[in-house]
Amino acid sequence: ESSWKVIKDRKIDLAILPWGATEPHNYHLPYCTDNYESETVSIEAAKIAYEKGANVIVLPVIPYGVNTGQKDLKLTINVNPGTQQLILNDIVDSLYSQGIKKLVIMNGHGGNDFKPILREVGSKYPGMFICLCTWYQAVDRNKYFENEGDHADELETSVMLHLYPQFVLPLDEAGDGKSKKFSIDALNQKWAWTERKWSKVS
């Protein structure tokens, strides 16, 4: 929204980069749910920080995430982790060369695993602070929501109903949300991991 006239003499210490995904969210939420949520949380967080004196800017949302487990679902757009790393490296390189040495990635998608990427990208830019924040993990969801879930669930539906009710279909049009568990206990207990193929589990 800002123009060069506004930005050229403005001091910026911290950039926030919302990062989401483009994927189905049950039948009742839009494909860009993760983008809407991470962008809005970024803007609201930046507003609070700015009012307290921070020199902060919110960058445009990256609308594509790691969706290797949903590639068979129409219009799911996958960006592989290696591509994600290249995109992030170029963004960090740009900010770093402009003297902006702090970056917060506001993640809104469970398939985005930034930790190894941040280790590698961050090691190339001494003095650069790169932080990952996954907004939906910022508070204990159990204080507010009764039903467990992690995708197009009670939490995500509630957030979208609050922020963008015009994009949410009536709940009676949503799928039942049931999902199959793994047949291997270690995967259900989450001390072992494998990718979920969404069209097979839900």
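Only heavy atoms go into these numbers, but all of them, side chains included; no hydrogens, no water, no symmetry mates. None of the values given here were measured: they were computed from a predicted structure.
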Q: Before giving the answer on side chain to side chain contact (heavy atoms under 4.5 Å, CB included), spell out for H151 and L29 the whole-Å C-alpha distance, their side-chain angles and the decisive distance to 0.1 Å.
A: CA-CA 10 Å; H151 185 73; L29 295 178; over 6 Å; no
Q: Any luck finding a side-chain donor-acceptor pair between T33 and Y164 under 3.5 Å?
A: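 No, because no side-chain N or O of T33 sits under 3.5 Å from a partner of the opposite role on Y164.
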Q: Mark yes or no for whether N26, through its side chain, and G175, through its backbone, hold a donor-acceptor pair below 3.5 Å.
A: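 A pair under 3.5 Å: yes.
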Q: Could you check whether N55 and Y50, counting side-chain N and O atoms only, form a donor-acceptor pair closer than 3.5 Å?
A: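 There is no such pair between these side chains.
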Q: Looking only at heavy atoms, what is the nearest atom pair of I16 and A46, with distance?
A: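 Heavy atoms only, the tightest pair is CD1-CB, 4.0 Å.
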Q: On a heavy-atom basis, which atom in L59 and which in P18 lie closest, and how many Å separate them?
A: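 For L59 versus P18, the nearest heavy atoms are O-CD, 3.2 Å.
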Q: Say you draw a straight line from CD1 of I77 to CG of N67; how long is it, rounded to the nearest 0.5 Å?
A: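 If we round to the nearest 0.5 Å, I77:CD1 and N67:CG are 8.5 Å apart.
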Q: Where do I105 and C133 land on the side chain to side chain contact (heavy atoms under 4.5 Å, CB included) test, with the steps shown first?
A: CA-CA 6 Å; I105 298 168; C133 176; over 6 Å; no
Q: Is there a chain of hydrophobic side chains (I, L, V, M, F, W, Y, each step under 4.5 Å between heavy atoms) that links L132 to V79?
A: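 Yes; V79 is reachable from L132 via cluster members.
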Q: Mind checking the NZ-CD1 spacing from K11 to I57? Nearest 0.5 Å is all I need.
A: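 The NZ atom of K11 sits 13.5 Å away from the CD1 atom of I57.
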Q: Are V56 and I48 in one and the same hydrophobic cluster, where Ile, Leu, Val, Met, Phe, Trp and Tyr link if side-chain heavy atoms are under 4.5 Å apart?
A: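 No, V56 and I48 fall in different hydrophobic clusters.
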Q: Would you give the length of the straight line joining atom OG1 of T76 to atom OH of Y64, rounded to the nearest 0.5 angstrom?
A: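 So the OG1 of T76 and the OH of Y64 are separated by 12.0 Å.
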Q: Can you check whether F114 and W19 have ring centres sitting under 6.0 Å from each other?
A: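 F114 vs W19: aromatic centres under 6.0 Å.
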Q: Evaluate the criterion side chain to side chain contact (heavy atoms under 4.5 Å, CB included) for residue pair L14 and V104; output intermediate values, then yes/no.
A: CA-CA 8 Å; L14 168 69; V104 172; 3.7 Å; yes
Q: Side chains of Y96 and P126: does their closest heavy-atom pair fall under 4.5 Å?
A: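 Yes, their side chains come closer than 4.5 Å.
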Q: For the pair Q98 (side chain) and S94 (backbone), establish whether a donor and an acceptor sit closer than 3.5 Å, ignoring hydrogens and angles.
A: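 Yes, because the side chain of Q98 sits within donor-acceptor range (under 3.5 Å) of the backbone of S94.
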Q: Is there any salt bridge (Lys or Arg N to Asp or Glu O under 4.0 Å) pair reaching into residues 99-114, and which pairs are they, with sequence neighbours excluded?
A: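 Of all non-adjacent pairs touching residues 99-114, none passes salt bridge (Lys or Arg N to Asp or Glu O under 4.0 Å).
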Q: For atom CZ of F145, decide whether the heavy atoms of other residues, nucleotides or ligands shown that lie under 6.0 angstrom number more than 12.
A: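 Yes.
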Q: Please check this pair: side chain of Y136 against backbone of G110, looking for a donor-acceptor N/O pair closer than 3.5 Å.
A: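 The answer is yes, because a donor-acceptor pair under 3.5 Å joins these two groups.
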Q: Do the side chain of T157 and the main chain of E154 share a donor and acceptor less than 3.5 angstrom apart?
A: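 Checked: no pair found.
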Q: State the CD-NZ distance between E51 and K47, to the nearest 0.5 angstrom.
A: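 E51 atom CD to K47 atom NZ measures 7.0 Å (nearest 0.5 Å).
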Q: Could you check E23, E195, R196, K197 and say which one makes a side-chain hydrogen bond (donor to acceptor under 3.5 Å, both in side chains) with Q70?
A: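 Among E23, E195, R196, K197, the one that satisfies the side-chain hydrogen bond (donor to acceptor under 3.5 Å, both in side chains) with Q70 is E23.
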Q: When you measure from the side chain of T40 to the backbone of E37, do you find a donor-acceptor pair of N or O atoms at a distance under 3.5 Å?
A: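 No, the answer is negative, given that no donor and acceptor are paired below the 3.5 Å cut-off.
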Q: Could you tell me whether R119 atom CZ has more than 12 heavy atoms of other residues or ligands within 6.0 Å of it?
A: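 It does not: R119 CZ has 12 such atoms or fewer within range.
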Q: Does Y36 share a hydrophobic cluster with L75, counting links as ILVMFWY side-chain heavy atoms below 4.5 Å and allowing steps through other members?
A: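 Y36 does not cluster with L75.
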Q: Provide the closest heavy-atom pair for I130 versus G122 in the form atom of the first, atom of the second, distance.
A: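 Taking every non-hydrogen atom into account, CD1-CA, 3.9 Å.
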Q: Would you check if R141 and D153 make a side-chain contact, meaning some heavy-atom pair closer than 4.5 Å?
A: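 They are in side-chain contact.
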Q: May I have the step-by-step check of side chain to side chain contact (heavy atoms under 4.5 Å, CB included) for N80 and V66, ending in yes or no?
A: CA-CA 6 Å; N80 287 320; V66 177; 5.9 Å; no
Q: CG/L17 to OG/S38 distance, rounded to the nearest 0.5 angstrom?
A: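 Reported value, rounded in 0.5 Å steps: 8.5 Å.
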Q: How far apart are the closest heavy atoms of P30 and M160, and which atoms are they?
A: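 Heavy-atom minimum between the residues: CG-CE, 3.8 Å.
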Q: Does a side chain donor of either H25 or D34 reach within less than 3.5 Å of an acceptor in the other side chain?
A: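 Per modelled atom types, H25 and D34 side chains form a pair under 3.5 Å.
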Q: With side chains defined as the heavy atoms from C-beta onward, is the minimum distance between Y125 and L95 less than 4.5 Å?
A: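 Counting from C-beta outward, Y125 and L95 never come under 4.5 Å.
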Q: Once you round to the nearest 0.5 Å, how far does CG of L169 lie from OH of Y27?
A: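 Output value for this atom pair is 12.0 Å.
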Q: Could you tell me which non-hydrogen atom of N78 sits nearest to which non-hydrogen atom of T68, and how far apart they are?
A: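 Closest heavy-atom pair between N78 and T68: OD1-N, 3.2 Å.
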Q: Salt-bridged, K190 to D185, with N to O below 4.0 Å?
A: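 Salt bridge between K190 and D185, a charged N being under 4.0 Å from a carboxylate O: no.
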Q: Given side chains that start at C-beta, do those of H109 and N107 come closer than 4.5 Å, heavy atoms only?
A: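 The answer is yes; the side chains approach within 4.5 Å.
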Q: Taking all non-hydrogen atoms of both residues, which atom of G20 and which atom of V61 are closest, and how far apart?
A: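 Smallest interatomic distance, heavy atoms only, reads N-CG2, 4.3 Å.
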